[in-house]
There are 2 protein chains.
Amino acid sequence: MKLDDIDKRILRALQRDGRMANNDLAREVGLSPSPCLRRVKLLEEAGVIDRYVAMLNPAKIGKGQTFFTRIWLKAQDEDTIEHFAAEVAKLPEVLECYLMLGDCDAMVRVVAANIDAYRRFQSEHLSRIKGVQNVKTDVPSQTIKQTSEMPL
Amino acid sequence: MKLDDIDKRILRALQRDGRMANNDLAREVGLSPSPCLRRVKLLEEAGVIDRYVAMLNPAKIGKGQTFFTRIWLKAQDEDTIEHFAAEVAKLPEVLECYLMLGDCDAMVRVVAANIDAYRRFQSEHLSRIKGVQNVKTDVPSQTIKQTSEMPL
DNA sequence: CAATCTTCGCAACCAAATTGCGCCCGCCTT
DNA sequence: AAGGCGGGCGCAATTTGGTTGCGAAGATTG
């Protein structure tokens, strides 16, 4: 799908505020409300806009700390990987999980209240998944930037 | 702030669909529209709900691949770090940046169309930031899970 | 240069958000 | 234990914003 300049402005605005009123959005991108809404609907149908979500403040719900954990599996066959993926998907504390090329086999992003809570999670859940050989956790001390806004 | 069971149901629903109509939300959490809206507003004011955003499909805007890059700086003094943070914040391809405890000094999540585009970005922007000594990129081959839904 | 396709803006209509108010239930006080 | 007090609910009226249909203007192509 080709995106013209107005589409990009719409996407930038909705990435900042996904609940912006269509009238305000229209004014911001230099259109009247109806063609603006039509474009938004087209972007949604085309799948460019995947979904709208509320972003919570992790600190306010006791999930203030992020952890990145690299994982090495005992084997790289499909069964081992499938099983690992299925188990990880069940853990709500794991917000992201990627299979990796190169050094490690997988990487997960986990949220927890603090390091102690994370350590408990790691030993009680992550390390107990069948096929997991070794894990190494990278701990952020400070967040410099954290956004979901894609460059356009 | 203390969250009761209804608050949690509201947050779960809005994390799935941030544009859900208040009437539907009310029905889902077992409340009538006005107290439901009142709770949403309170959650917003308390900062539990930080913001609403549109999530784009990265593949549809030519940013289909994610890269995790660990960064080692030449020094760890405040000036070096401040400068690095300021420069990284300017790069729209960097969606996340954390200062790290332990092995490396920082870690960034970068989106790009593909590996070649990323390599170009790394050599032309990341590596050229003053104070950057070494970088090591971890490349996901497959995304198992990717969400912004916090556990409640 | 004309025909056509696209996309816009206007206006009317419809749906949803928002606000004010009275009621009910649980809790505290006496 | 009864009376009063506060918090939170639901209803209904109002306002605001979303939605749709149509005619007009500009761009594109043969």
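All chains are named by letter (A, B, ...) in the order of the sequence lines, taking the proteins before the strands, and each is independently numbered beginning at 1.
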Ignoring hydrogens and geometry, is there a side-chain-to-backbone donor-acceptor pair from S127(B) to Q122(B) under 3.5 Å?
yes

Return the value, rounded to whole Å, for the distance between atom CG of L25(B) and atom P of dT18(C).
12 Å

Closer than 4.0 angstrom, basic N to acidic O: yes or no for K8(B) and D4(B)?
no

Separation of R38(A) atom CZ from dG9(C) atom P, in whole Å?
9 Å

Length of the line joining N22(B):CG and dG18(D):C1', which is rounded to integer Å:
15 Å

Calculate the interatomic distance between D17(A) atom CG and dG17(D) atom P; express it in whole Å.
13 Å

With respect to the phosphate group of dA17(C), does any side-chain polar atom (N or O) of K41(B) fall under 4.0 Å of OP1 or OP2?
no

Could you tell me whether E124(A) atom CD has more than 12 heavy atoms of other residues or ligands within 6.0 Å of it?
yes

When you measure only distances, ignoring hydrogens and angles, does the side chain of S34(B) come within 3.5 Å of the base of dC11(D) through a donor and an acceptor?
yes

Whole angstrom is fine here: how far is it from CG in N23(B) over to C1' in dC14(C)?
14 Å

Round to the nearest Å and state the distance from R39(A) atom CZ to dG9(C) atom C1'.
14 Å

Provide, to the nearest angstrom, the distance between the CG atom belonging to L37(B) and the C1' atom belonging to dA13(D).
16 Å

Residue closer to the 5' end of DNA chain D, D4(B) versus M20(A) (nearest nucleotide):
D4(B)

Is the F68(A) to Y98(B) ring centre distance short of 6.0 Å?
yes

May I have the distance from R27(B) (atom CZ) to dA15(C) (atom C1'), rounded to whole angstrom?
14 Å

